[in-house]
2 protein chains.
Amino acid sequence: MESFSNNQLLQEIKSCEELLTDRIADNMETFGVSSTVGRLLGIIYMNREAMTLDSLAEETGMSKTRMSQVMRQMISFNIAEKEYVKGSRKDHYNVERDYAQTFISLFTSNWSEVVKRNTSLERRLREQIRHLETFLTEDSSEEVKVRMERLQQELDEWNAYYNWINNLVAFFESGEIFNHVPIVTPTKKEEAKNEE
Amino acid sequence: MESFSNNQLLQEIKSCEELLTDRIADNMETFGVSSTVGRLLGIIYMNREAMTLDSLAEETGMSKTRMSQVMRQMISFNIAEKEYVKGSRKDHYNVERDYAQTFISLFTSNWSEVVKRNTSLERRLREQIRHLETFLTEDSSEEVKVRMERLQQELDEWNAYYNWINNLVAFFESGEIFNHVPIVTPTKKEEAKNEE
DNA sequence: AAATCTGTGCAATTTAAACTTTACAAAGTA
DNA sequence: TACTTTGTAAAGTTTAAATTGCACAGATTT
């Protein structure tokens with residue numbers, strides 16, 4: 001029967017870890033962020049302790065500048081943060097280790113942005129409509145009246161939608177989602193099993 | 001006091017509609033799809049009836065080929081469908097008019113994909129680990145043992161995560177989400193107001 | 001059967017995003 | 001003070017995505 005040396009085993013383990021990292025990256029991509037974001041998240045996650053731009057650059061084979069750009073992006077998404085390491089003057093970056101939390105952070109940063117942009121639009125649009133309405137007379141064509149009415153309706157619908165999104169964000173961010181869609185950890189699964 | 005002609009008013013209304021279309025497109029982009037997808041969604045939505053590839057091409061100034069590509073993509077996302085129009089041999093496309101439903105369709109198609117890819121990976125990885133474990137002996141280095149153990153843990157965590165995603169998808173797709181985060185339509189708001 | 005229309009596969013092109021190189025400011029060290 | 005180190009701004013390059021143009025099959029009409 002064949003046998004693996006320690007080094008071979010380590011090699012094999014590493015390749016498994018890389019598969020997992022790829023999956024993490026793939027998952028990130030679904031949020032519409034660059035695959036490198038996911039890659040770094042995976043690498044730091046698997047590394048289990050904060051990493052510097054240089055070590056990331058080495059690990060990925062990419063430039064340090066790019067590492068800097070990506071880490072900044074991750075920080076803006078609230079899925080990474082700088083960690084102070086005494087004795088070193090390099091920045092050390094660590095990532096959120098809770099996958100679901102990462103999901104929520106990305107979800108909320110993306111959609112809050114959308115809601116924000118909508119809110120400012122809505123104000124402008126409502127004003128514009130009010131302004132146009134003052135020009136409506138009995139002479140105005142039927143089409144104008146209908147289109148005006150419809151526009152108002154559309155705006156109402158759209159408003160209802162992004163209010164919903166806004167509530168959705170809160171529902172996730174507050175953690176209430178977990179009351180209805182709980183995370184079942186392997187440990188809990190074991191316990192449940194043992195109770196039988 | 002100035003006065004707008006019918007045509008001017010129509011023009012103004014149209015520009016409002018375009019602003020709204022842009023917002024719809026912006027919203028779509030958050031799902032990581034091409035902005036043209038959102039644009040077409042917005043255009044067809046505002047048009048209020050099914051449109052052909054030609055009319056879309058005219059409206060956007062883009063090629064018919066592109067329109068075809070995008071509509072196919074939208075159909076695959078379940079946010080558009082062909083509609084039979086008698087007397088015409090062109091395909092007519094219509095879109096989901098319920099914004100929240102559109103959100104859910106995109107959410108579920110994106111994340112189901114992720115879950116699917118993960119499931120197949122997990123099987124492979126579990127097997128590989130089981131295989132490697134048979135090579136573990138008392139001679140194996142401490143590091144190998146630790147890394148092996150950790151890999152297993154990571155896999156468990158990851159598994160818990162995407163099971164959660166899977167449940168989340170079901171939570172949305174079934175509409176249960178609306179029980180906890182309801183959509184408040186302007187009509188309902190009015191009613192609520194009137195009841196006071 | 002010939003002519004027209006419609007949607008789409010495919011290769012080519014354009015445009016946008018990802019990534020690198022160079023340079024430099026700020027802060028630390030000798 | 002001069003010399004490193006570190007992070008990032010800015011501009012340039014490469015790579016990937018979006019978009020087009022051409023061509024053609026299948027269906028329809030004349």
Side-chain angles (χ1 to χ4, degrees), chain A residues 21-22 24-26 28-44 50-77 79-95 106 110 113, chain B residues 21-22 24-26 28-44 50-77 79-95 106 110 113:
Chain A
T21 300
D22 288 349
I24 295 175
D26 171 63
M28 277 313 102
E29 271 188 89
T30 307
F31 282 108
V33 299
S34 154
S35 68
T36 310
V37 172
R39 194 118 163 271
L40 293 200
L41 179 72
I43 288 172
I44 300 177
M51 291 176 78
T52 65
L53 294 180
D54 286 313
S55 57
L56 285 170
E58 195 186 4
E59 188 77 23
T60 58
M62 285 181 178
S63 72
K64 193 164 70 152
T65 299
R66 183 62 184 144
M67 299 302 98
S68 169
Q69 294 167 338
V70 170
M71 288 316 304
R72 185 144 33 131
Q73 204 185 345
M74 288 174 74
I75 287 173
S76 84
F77 286 142
I79 59 173
E81 54 185 11
K82 289 192 189 182
E83 203 168 77
Y84 177 70
V85 172
K86 78 170 178 180
S88 168
R89 51 180 168 123
K90 299 191 184 197
D91 289 349
H92 288 244
Y93 296 91
N94 219 335
V95 295
L106 281 166
N110 281 340
E113 227 8 82
Chain B
T21 300
D22 289 348
I24 294 175
D26 171 62
M28 275 314 102
E29 271 188 89
T30 308
F31 282 108
V33 299
S34 156
S35 67
T36 310
V37 172
R39 193 118 163 272
L40 294 199
L41 180 73
I43 288 171
I44 300 177
M51 292 175 77
T52 66
L53 293 181
D54 286 315
S55 56
L56 284 171
E58 195 186 4
E59 188 78 21
T60 58
M62 283 181 178
S63 71
K64 194 163 69 150
T65 299
R66 183 61 183 145
M67 298 303 97
S68 168
Q69 295 166 338
V70 170
M71 288 316 303
R72 186 146 30 133
Q73 203 183 346
M74 288 173 73
I75 287 174
S76 83
F77 286 143
I79 59 174
E81 53 185 12
K82 289 191 189 181
E83 204 168 76
Y84 176 70
V85 172
K86 78 170 179 184
S88 167
R89 49 178 168 129
K90 298 191 185 197
D91 289 350
H92 288 244
Y93 296 91
N94 219 335
V95 295
L106 281 168
N110 281 340
E113 227 9 82

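Convention: sequence-line order gives letters A, B, ...; per-chain numbering from 1.
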Assess whether atom CD of B/Glu81 is packed by more than 12 heavy atoms of other residues, nucleotides or ligands within 6.0 Å. no
Within the structure provided, determine whether A/Leu56 and A/Met71 are in side-chain contact (heavy-atom separation under 4.5 Å). yes
When you look at B/Leu53 and B/Lys90, which way does the side-chain contact (heavy atoms from CB on, under 4.5 Å) test go after all the steps? CA-CA 8 Å; B/Leu53 293 181; B/Lys90 298 191 185 197; over 6 Å; no
Among D/dT5, D/dT8, C/dC10, the one nearest A/Tyr93 by side-chain distance: D/dT8
Give the rounded distance in Å between these two atoms: CG of A/Leu40 and C1' of C/dA18. 13 Å
Side-chain N,O (A/Arg72) to OP1/OP2 (D/dA9) below 4.0 Å: yes
Starting at the 5' end of DNA chain C and moving along, which residue's nearest nucleotide shows up first, A/Met62 or B/Lys82? B/Lys82
Where the side chain of A/Lys90 is concerned, which of D/dT20, C/dT8, D/dG7 is the nearest nucleotide? D/dG7
Residue whose closest nucleotide on DNA chain C lies nearer the 5' end, A/Lys64 versus A/Ser34: A/Ser34
Quick check for you: to the nearest 0.5 Å, what is the distance between B/His92 atom NE2 and B/Lys82 atom NZ? 11.5 Å
Respond yes when some side-chain nitrogen or oxygen of B/Thr65 is under 4.0 Å from OP1 or OP2 of C/dT8, and no when none is. no
Between B/Lys86 (NZ) and D/dT28 (P), how many Å, whole number? 17 Å
Just how far, in rounded Å, is C1' of C/dT6 from NE2 of B/His92? 11 Å
Whole-Å distance, A/Gln69 CD to D/dA11 P, equals 14 Å
Distance in angstrom units between B/Met67 CE and D/dT20 C1', rounded: 11 Å
Using only side-chain N and O atoms of A/Thr36, determine if any of them is under 4.0 Å from OP1 or OP2 of C/dC19. yes
Separation of A/Glu29 atom CD from D/dA16 atom P, in whole Å? 12 Å
With respect to the phosphate group of C/dC19, does any side-chain polar atom (N or O) of A/Arg39 fall under 4.0 Å of OP1 or OP2? no
Can you name the closest pair of heavy atoms from B/Ala25 and B/Arg39 and give their distance? CB-N, 3.7 Å
Where the side chain of B/Arg89 is concerned, which of D/dT28, C/dA27, D/dG7 is the nearest nucleotide? D/dT28
Rounded distance in Å - CZ (B/Arg66) to P (C/dT13): 19 Å
Grab the CD-C1' distance between A/Gln73 and D/dT8 for me, whole Å please. 15 Å
